[in-house]
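Let me give you the structure first, and then I'll get to my questions.
Throughout, protein chains are lettered first and strands after them, A, B, ... in sequence-line order, and every chain is numbered starting at 1. What you see below is based on every heavy atom in this structure, not just the backbone, and it leaves out hydrogens, waters and symmetry mates.
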Amino acid sequence: MEKEISITPALEIHDLTVAFDRKPVLWNIDLKLPQGKLVGIIGPNGAGKSTLIKAVMGLLPLSSGFAKLFDQDLNDIRTRVSYVPQRESVDWDFPASVLDVVLMGRYGKLGLFNRPRKADRDAAMDCLKQVGMEQYAHRQISQLSGGQQQRTFLARALAQQADIYFMDEPFAGVDAATEKAIIELLRNMTQANKTVIVVHHDLQSVPQYFDWVILLNTRLIACGPTASTFTQSNLQETYGGKLTLLSDVGDLIKRESFPNREGSAKQAL
Amino acid sequence: MNSFLEFFSFADPNIRYVAFGAVLLTASSAIVGSFTFLNKKSLIGDAIAHAVLPGICLGFIVSQTKNPVILITGAFITGWLSLLAVEFITARTRLKEDTAIGLVLSVFFGIGIVMLTVIQKSGNAAQSGLDHFLFGKAAALVGDDLIAFGSVALILLIVVYFLFKEFALLAFDKDYARSIGFPVRIIELVLTSLIVLAVVIGIQAVGVVLMAAILITPAAAARFWTNKITVMILLASIFGAVSGLSGAYISYIAPAMPTGPWIVIVISTIAFISFFFAPKRGVINRLFRQATIRRTINDENVLKAFYQLGEENKNFFNPHPAEAVLRKRRMQHGAMIKILERLQAQGYLEKAKPGWTLTEEGKLRAQRVVKIHRLWELYLTTELRIAPDHVHDDADTIEHLLTPELEAELERILQFPKADPHQSEIPYRDR
């Protein structure tokens with residue numbers, strides 16, 4: 001295992017704490033992920049799986065710690081990082097076509113003010129082909145099924161041509177055939193040494209899908225290759241009851257308006 | 001009629017200026033307002049609109065003139081202040097955004113009205129016309145005012161042109177915009193400033209009280225007609241321009257009349273028409289589509305009744321009177337006759353003695369409905385493990401809805417079974 005990490009880790013999280021309304025929902029997470037792996041984030045509801053991804057993507061304020069991607073700050077390598085939000089996080093009645101959404105994947109490279117060029121359209125169409133959605137390119141997005149919406153988001157991520165992908169529940173609302181097609185696609189991506197990190201719910205498919213797993217329940221239970229980490233005892237710890245004391249202390253912090261760190265008392269004012 | 005021709009021939013340069021100004025103001029407000037609408041922040045526009053009044057009054061008190069640049073600056077400042085107040089209240093107290101907006105709107109507007117009253121009582125001759133900001137007066141848009149407000153409108157259009165992609169992305173998926181490194185805070189800041197500016201210039205035409213209408217209604221009306229954001233915003237600007245132009249006209253023929261309410265009446269009428277008559281999203285079309293669906297369901301149910309009668313006496317082409325069909329399918333006699341005659345006109349039934357008989361096409365269509373019904377019942381009982389006595393109603397709906405692709409998929413999954421859960425034969429077309 002040591003050897004696997006000796007090259008630059010795709011993701012390194014150090015002492016990461018995230019709080020909502022001062023109540024910590026992730027406590028002091030420490031982990032490293034190697035490159036080119038398909039990684040599942042597993043844990044019960046409210047375990048902080050999406051929060052972890054959002055924190056790494058800089059979408060939430062951190063109470064402590066940091067995340068580095070390929071040993072660099074997120075801001076220095078934005079174009080190498082792709083984020084797929086939860087499907088329900090957007091209003092699908094927005095006036096846009098499937099191609100419009102996929103084109104958004106090119107915006108990072110285009111930068112501000114510039115409009116998508118013909119080449120960007122070609123790239124977007126190509127990504128739609130990869131997810132088997134090319135015939136829906138001009139369909140209004142409100143007419144898509146759940147699985148098609150998910151594939152549209154996936155195509156948008158592909159259009160970013162990133163090296164590391166964070167996906168928040170890409171299998172939610174997806175039928176079995178589509179799920180299989182998606183996992184196939186993700187496999188191919190990892191074969192090209194892309195790192196793909198996926199929030200996942202279905203325990204049954206974990207060993208079959210993922211090379212690595214992160215077991216999470218407001219704290220990190222375990223992180224490592226699926227074979228050695230996805231064990232009965234680790235699962236028991238992840239799903240077997242909450243640490244009541246931990247969540248009580250979190251509530252206390254919130255109630256008493258305490259800062260999460262002594263130094264950040266000012267910010268919590 | 002004479003005044004109509006006089007106005008719309010645009011021969012008088014004064015009329016040209018007023019008309020051009022009104023169109024520019026309302027159209028640019030509508031364009032900026034489209035993004036407010038897409039961001040689901042319609043109420044915010046209303047709060048800003050009311051909050052610019054104290055700024056205008058303050059501008060007047062400080063300068064003692066109606067210099068448009070000073071008034072715009074004052075309006076811009078209090079407009080922004082109101083936004084910050086809403087944001088602060090939502091973030092730092094337990095009050096929700098709608099409450100915060102209501103609070104800020106009324107407090108700022110109240111202060112504005114007090115200031116306006118004080119100014120009007122002060123006896124300063126320059127103040128006359130300041131109350132136009134309450135309900136708008138398109139005809140007052142001349143000279144320096146037109147140049148000042150017109151240039152702000154142009155700035156709005158230029159900024160929207162360059163940041164179109166960014167504004168659209170933020171409205172659709174803000175987290176994603178942040179994840180690709182777009183300066184979301186700054187873009188939001190720019191958009192908010194645009195909204196404040198749009199309000200500031202829009203009130204010339206409509207007045208603060210009704211400003212929200214010109215900001216939001218054109219976009220809401222345009223949304224009914226299209227699914228493309230570019231077309232939507234273009235339509236919104238046209239709707240805005242039409243209402244602005246009519247406002248200017250009314251202002252011209254009835255100088256005592258405030259323009260704002262008229263503009264709002266016109267734009268509301270456009271919204272009303274869109275709401276009812278737009279294709280696809282309009283109410284009338286939806287009702288029409290529902291009626292079509294109901295008709296299809298009724299037709300197919302009657303054909304199904306013929307088929308079931310045919311199954312009972314082993315001959316699908318036996319004639320049946322309306323009464324026999326009614327025993328299978330309860331409805332009013334008159335309605336049944338109407339359906340039978342419609343099916344006859346469509347070639348699915350033929351007149352016979354007694355009553356009607358299925359044609360070959362009618363039999364095929366009925367057979368397909370029956371097949372899907374029974375396949376679906378089987379699917380529910382075998383794949384979803386639903387009790388056989390609970391599946392009938394569900395299948396009654398599905399049988400009219402299933403597309404040929406899903407029908408084929410269903411056959412494939414179940415592998416062409418012979419009978420449904422109630423041991424009725426599943427009829428396939430000869431393969």
Side-chain angles (χ1 to χ4, degrees), chain A residues 21 50 53-54 56-60 74-87 89-101 103-116 120 138-143 152-153 156-157 159-160 162 165-166 168 175 177 269, chain B residues 34-35 37-41 91-94 158-187 190 219-220 222-236 278-281 383 403 405-406 409 412-413:
Chain A
D21 200 10
S50 302
I53 288 191
K54 284 189 183 160
V56 172
M57 288 310 299
L59 302 176
L60 296 172
L74 173 67
N75 277 328
D76 298 330
I77 53 160
R78 287 266 185 198
T79 51
R80 292 176 63 193
V81 188
S82 171
Y83 168 63
V84 181
Q86 274 181 32
R87 183 166 59 89
S89 68
V90 304
D91 175 12
W92 289 91
D93 198 32
F94 195 83
S97 69
V98 171
L99 188 65
D100 290 337
V101 174
L103 269 174
M104 292 172 188
R106 307 288 294 178
Y107 285 7
K109 284 196 169 54
L110 277 171
L112 294 174
F113 309 120
N114 300 314
R115 268 148 215 263
D120 296 308
H138 299 291
R139 188 74 70 90
Q140 149 72 9
I141 53 172
S142 64
Q143 294 165 6
T152 305
F153 263 4
R156 179 175 73 172
Q160 284 181 257
Y165 293 81
F166 294 90
D168 206 341
D175 61 275
L269 194 81
Chain B
S34 297
F35 290 102
F37 171 78
L38 289 174
N39 276 305
K40 304 194 170 60
K41 293 254 192 245
R92 294 301 157 96
T93 69
R94 282 160 186 280
I158 292 169
V159 176
V160 168
Y161 177 81
F162 279 105
L163 282 174
F164 188 86
K165 150 179 135 257
E166 287 74 14
F167 288 159
L169 176 61
L170 249 63
F172 176 61
D173 195 347
K174 202 186 291 178
D175 270 355
Y176 182 78
R178 219 171 266 145
S179 84
I180 58 175
F182 274 11
V184 169
R185 286 290 298 176
I186 295 175
I187 299 172
V190 173
R223 185 67 184 90
F224 279 104
W225 298 91
T226 176
N227 279 325
K228 282 202 170 80
I229 185 168
T230 40
V231 178
M232 183 193 120
I233 289 174
L234 189 72
L235 270 181
K280 285 194 188 143
R281 294 176 85 96
E383 306 288 316
T403 60
E405 295 84 46
L406 288 170
E409 175 80 4
R412 194 186 55 75
I413 292 174

A:K54 versus chain B, heavy atoms under 4.5 Å apart: side chain, backbone, both or neither? side chain

Rounded to the nearest 0.5 Å, what separation is found between the CD atom of B:E166 and the CZ atom of A:F113? 7.0 Å

Which residue is it: A:V101, A:D91, A:D100? I am looking for the one with a side-chain contact (heavy atoms from CB on, under 4.5 Å) to B:F172. A:V101

Where do B:S179 and A:L59 come nearest, in terms of heavy atoms and distance? N-CD2, 4.2 Å

Can you find a pair of side-chain heavy atoms, one from A:L112 and one from B:F162, that are under 4.5 Å apart? no

What's the spacing between A:R115 CZ and B:Y161 OH if we round to 0.5 Å? 4.5 Å

Side-chain touch A:P85/B:D173, heavy atoms, less than 4.5 angstrom: yes

With chain A, the option among B:R178, B:K174, B:R223 that has the most non-hydrogen atom pairs under 4.5 Å is B:R223

Residue part contacting chain A, namely of B:K40, when any heavy atom lies under 4.5 Å: side chain

Give the member of A:M57, A:K109, A:Q140 that has the highest number of heavy-atom pairs under 4.5 Å with chain B. A:Q140

B:I180 and A:R78: which non-hydrogen atoms are nearest, and at how many Å? C-CD, 4.0 Å

Can you find a pair of side-chain heavy atoms, one from B:D175 and one from A:Q86, that are under 4.5 Å apart? no

Check each atom of A:L103 against the heavy atoms of chain B and say whether the ones under 4.5 Å are side chain, backbone, both or neither. neither

Max heavy-atom pairs within cutoff under 4.5 Å with chain B, candidates A:S82, A:A162, A:G111, goes to A:G111

Quick one: NZ on B:K165 to CE on A:M104, what's the gap to the nearest 0.5 Å? 11.0 Å

Given a strict heavy-atom distance threshold of 4.5 Å, which part of A:N75 is in contact with chain B: side chain, backbone, both, or neither? neither

Under 4.5 Å to a heavy atom of chain A? For B:A171 that would be both

Among B:V231, B:I233, B:L38, B:T226, find the one that has a side-chain contact (heavy atoms from CB on, under 4.5 Å) with A:P95. B:L38

